[in-house]
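Scroll down for the structure; my scribbles are underneath it.
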Amino acid sequence: MLQVQFIRQNKELVLERLAVKHFKEPGIVEEVLALDDQRKKLTLEYDETQAKINSASKEIGKLMASGDKAGAEARKQDVAAFKQALGPIDESLRETEKNLHDTLVKLPNLPGANVPPGKTPEDNVEVRGGGVKPTLAEGSVPHWDLAKKYNLIDFELGNKITGSGFPVYINKGARLQRALISYFLDYNTANGYTEVLPPYMVNEASAYGTGQLPDKEGQMYFVTEDNFYLIPTAEVPVTNIYRDEILKEAALPVRMTAYTPCFRREAGSYGKDVRGLNRLHQFEKVELVQLVQPEKSYGVLQEMVEHVEKLLISLNLPYRILNLCGGDMSFTSAQTFDFEVWSAAQEKWLEVSSVSNFESYQTNRMKIRYKDENGKNQLLHSLNGSSLALPRIVACLLENNQTPEGIILPEVLRSYFGSDRIA
RNA sequence: GGUGAGAUGCCUGAGUGGCCGAAAGGAACGGUUUGCUAAACCGUCGUACGGGUAACACUGUACCGAGGGUUCGAAUCCCUCUCUCACCGCCA
């Protein structure tokens, strides 16, 4: 969430930036400021009254010790009166704090300076692209047919075991998953990221910390027995590693990478784009997370974009990078670059990675700070990105590389996969 | 799942009603000393939200796992919850 102090000092800027995000309730900004004023006023009243109680209590102790029972009794009467006054102050202070918090979390993150204006996906700006869209031979088919032909993935079997959106990878299909995960992790660790294998379920505090709660509740699977959420992305457990921590500057930057399955209910997304591997309830993903000093975060964002880009280049997949416009960005992001890969048989772009700078929006919730050179505690900036989400990569690898001699795999995967092709 | 013991600052650990935001030791940081390292010595060494200030200073309140309660006063007493450890049971 945003910092109240920042909103107070930059009200005009906040309103202007919220407009870029097409935020519909700019009135919340004034609401926040009013609630914060009230909070301060009540805090002062509370503190002053409590101070009276504390000093009177100390006096009582001394009076008792010196044997002045009557004096002590008199002071007790005073305390009783102070406490009576404190009750309602305490109550309204709590209520105000809760209102302030509940109002504050309704404000999305502010888009950064380089976020293009615009409202819909059509307004996203293509930054650059690479690779060549292959010309497929006559009789080429989409990945779900290839998956069947080479016995790689059984979608129906997944229906039987669990339900739709839970495919079963078999034989070389399963091996390909493992190869991709290993390759991605090795690529990331070779570039300075520390490998992490986190829990796949998180508690409420963690889901709140990265911003899945309160508003995206319905998108996560929830285990009622223990109040755990199945993670929709490794971002959640991995970023929360540093929740409530104050890091030394020498420990920065924090760079982590993690493979996890991701679970998403995808409530409300039915239709033709759910065919095959395009949209699943469970999928594999390797994620990147960084925690860095504020002044470095945009440089790091570019660095992460290039990192993911090189990974895609190594896979020989035609890609494009989009700078998401204000209206298409997520609630919590300050700037996001999406990576899309060309699915040659479906003839469309599929999103395979999303690299974002959250500035201090997540870290403010999680209280992830560092001690700067002046010894002051400051919020860090958090960033994350996929490198990469597997299903759509697999879809494109299968479709784009299909030949009469089988599916020819890119060089970098062969040692992991144990063969140069799926035939 | 059962029984028992616990949860205090970066760590270890003292503290069973007021003099405790909290002893002591260690770590860390700054300094003195030193050819260098080590040692020794001196100092600093929690967080949040207020008030105050040009900024410091100064100052109030809260926090000893979380939430409630008793009391003039709670780290300390009571209740609930969570978690940790040990042993037993079960088990990859």
Side-chain angles (χ1 to χ4, degrees), chain A residues 1-9 32-105 197-209 213 223-229 237 240-252 254 261 291 360 363-380:
Chain A
M1 63 188 157
L2 299 175
Q3 296 177 78
V4 179
Q5 214 184 352
F6 179 86
I7 298 175
R8 183 174 293 289
Q9 289 162 356
V32 164
L33 293 179
L35 284 165
D36 191 48
D37 282 338
Q38 201 183 341
R39 191 196 109 252
K40 282 190 185 179
K41 185 170 145 271
L42 288 166
T43 300
L44 188 59
E45 276 181 56
Y46 180 95
D47 286 357
E48 282 174 348
T49 310
Q50 187 59 249
K52 285 185 204 164
I53 294 173
N54 289 348
S55 70
S57 293
K58 271 187 185 159
E59 277 178 50
I60 291 169
K62 283 178 192 151
L63 290 168
M64 302 271 264
S66 67
D68 183 355
K69 288 218 168 133
E73 279 310 314
R75 294 305 276 145
K76 281 193 196 181
Q77 299 292 318
D78 293 343
V79 172
F82 294 145
K83 283 181 88 167
Q84 198 145 35
L86 191 65
I89 297 171
D90 184 33
E91 206 173 310
S92 24
L93 178 58
R94 284 177 193 236
E95 199 186 312
T96 303
E97 281 175 340
K98 186 178 183 304
N99 285 344
L100 174 60
H101 176 266
D102 291 350
T103 309
L104 199 53
V105 295
L197 199 151
Y200 301 157
M201 291 195 266
V202 295
N203 58 29
E204 201 176 314
S206 295
Y208 170 80
L213 294 181
V223 181
T224 53
E225 193 85 46
D226 297 289
N227 290 328
F228 292 152
Y229 293 89
N240 272 282
I241 289 174
Y242 288 94
R243 171 150 50 87
D244 293 321
E245 297 276 339
I246 300 172
L247 298 169
K248 289 187 180 143
E249 200 157 17
L252 301 173
V254 171
L291 298 171
S360 58
T363 54
N364 188 31
R365 286 186 173 204
M366 283 184 273
K367 297 286 170 276
I368 303 180
R369 291 159 293 173
Y370 78 108
K371 230 173 241 308
D372 68 17
E373 64 267 31
N374 303 317
K376 287 197 79 172
N377 294 330
Q378 271 199 57
L379 293 173
L380 284 163

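Throughout, protein chains are lettered first and strands after them, A, B, ... in sequence-line order, and every chain is numbered starting at 1.
Of the two residues near RNA chain B, A/Gly375 and A/Ala51, the one whose nearest nucleotide lies more 5' is A/Gly375. Between A/Gly61 and A/Asp47, the residue whose closest nucleotide on RNA chain B is further toward the 5' end is A/Gly61.
Around the CD atom of A/Glu373, the shell of radius 6.0 Å holds more than 12 heavy atoms that belong to other residues, nucleotides or ligands. Applying the 6.0 Å contact sphere to NZ of A/Lys58 captures no more than 12 heavy atoms from other residues, nucleotides or ligands. No more than 12 heavy atoms of other residues, nucleotides or ligands shown are found within 6.0 angstrom of CZ on A/Arg94.
For the C1' atoms, the distance from B/rU82 to B/rC91 is 25 Å, rounded to whole Å. For the P atom pair drawn from B/rU37 and B/rG31, the interatomic distance equals 13 Å after rounding to whole Å. Here, B/rU3 and B/rG60 have their C1' atoms 47 Å apart, quoted to the whole Å. The gap from the P atom of B/rG46 to that of B/rC29 amounts to 16 Å, rounded to the nearest Å. Distance check on atom C1': B/rG9 versus B/rA24 gives 13 Å, rounded to whole Å. Taking atom C1' in both B/rA22 and B/rC64, the straight-line distance is 8 Å, to the nearest Å. With both ends at atom P, the span from B/rA38 to B/rU32 equals 15 Å, rounded to whole Å. For the P atoms, the distance linking B/rU84 with B/rG65 amounts to 16 Å, nearest Å.
Nucleotide B/rG9 forms a pair with no other nucleotide shown, judged by Watson-Crick or G-U wobble geometry with both contacts under 3.5 Å. Across every strand in view, B/rA57 sits unpaired, with no contact that passes the Watson-Crick or G-U test at under 3.5 angstrom. Across every strand in view, B/rG30 sits in a pair with B/rC42 that passes the Watson-Crick or G-U test at under 3.5 angstrom. The partner of B/rC85, taking Watson-Crick or G-U wobble pairs whose two distances both stay under 3.5 Å, is B/rG4. Across all strands shown, nothing is found opposite B/rG35 as a Watson-Crick or G-U wobble partner with both distances under 3.5 Å. Nucleotide B/rC20 is matched to nothing when pairs are restricted to Watson-Crick or G-U wobble geometry with both distances under 3.5 angstrom. Remark: B/rU47 base-pairs with B/rA62; criterion is Watson-Crick or G-U wobble with both hydrogen-bond distances under 3.5 Å.
Distance CZ (A/Arg369) to C1' (B/rG46): 10 Å, rounded to an integer number of Å. Rounding to whole angstrom units, CG of residue A/Asp78 and P of B/rU71 are separated by 18 Å. To the nearest angstrom, P of B/rU61 lies 15 Å from CG of A/Leu93. Distance A/Glu373 CD to B/rC29 P: 17 Å, rounded to the nearest Å. Separating the CD atom of A/Glu48 from the P atom of B/rG51 is a distance of 11 Å, rounded to the nearest angstrom. A/Asp90 has its CG atom 12 Å from the C1' atom of B/rU61, to the nearest Å. For A/Ile60 and B/rG17, the CD1 to C1' distance is 14 Å, given to the nearest whole Å. Atom CZ of A/Phe82 and atom C1' of B/rU61 are 16 Å apart (whole Å).
Residues A/Asn203 and A/Ser206 have side chains that bring a donor and an acceptor to within less than 3.5 angstrom of each other.
The side chain of A/Lys83 lies closest to B/rC72, out of B/rG50, B/rC72, B/rU47. For A/Lys371, the side-chain atoms get nearest to B/rG46 when compared with the rest of B/rC19, B/rG51, B/rG46. Relative to the side chain of A/Asp36, the nucleotides B/rU47, B/rG50, B/rC72 differ in distance, and B/rG50 lies closest. For A/Asn377, taking side-chain heavy atoms from C-beta onward, the closest of the listed nucleotides B/rG51, B/rA48, B/rC72 is B/rA48.
Across all strands shown, A/Ile246 has heavy atoms under 4.0 Å from sugar-phosphate atoms exclusively, and none from any base.
Taking 4.0 angstrom as the limit, A/Arg39 places a side-chain polar atom (N or O) nearer than this to OP1 or OP2 of B/rG50. The side chain of A/Arg94 contributes no N or O atom lying less than 4.0 Å from OP1 or OP2 of B/rA62. A close approach under 4.0 Å does not occur between any side-chain nitrogen or oxygen of A/Lys52 and OP1 or OP2 of B/rG73. Of the side-chain N and O atoms in A/Lys248, none sit less than 4.0 angstrom from OP1 or OP2 of B/rC10. Look at A/Arg75 and you won't find any side-chain N or O under 4.0 angstrom from OP1 or OP2 of B/rG73. Side-chain N/O atoms of A/Asn54 include one lying less than 4.0 angstrom from OP1 or OP2 on B/rA62.
Using a cut-off of 4.0 Å between Lys/Arg side-chain N and Asp/Glu carboxylate O, A/Lys83 and A/Asp90 are scored as not salt-bridged. Salt-bridge annotation for A/Lys76 and A/Glu73: present, with a side-chain N of the basic residue lying under 4.0 Å from a carboxylate O of the acidic one.
Each of A/Lys371, A/Lys367, A/Arg369 was compared with A/Asn377 under the side-chain hydrogen bond (donor to acceptor under 3.5 Å, both in side chains) criterion, and only A/Lys371 meets it.
Scanning both residues, A/Val254 and A/Tyr242, for their nearest heavy atoms gives CG1-CE1, 3.5 Å.
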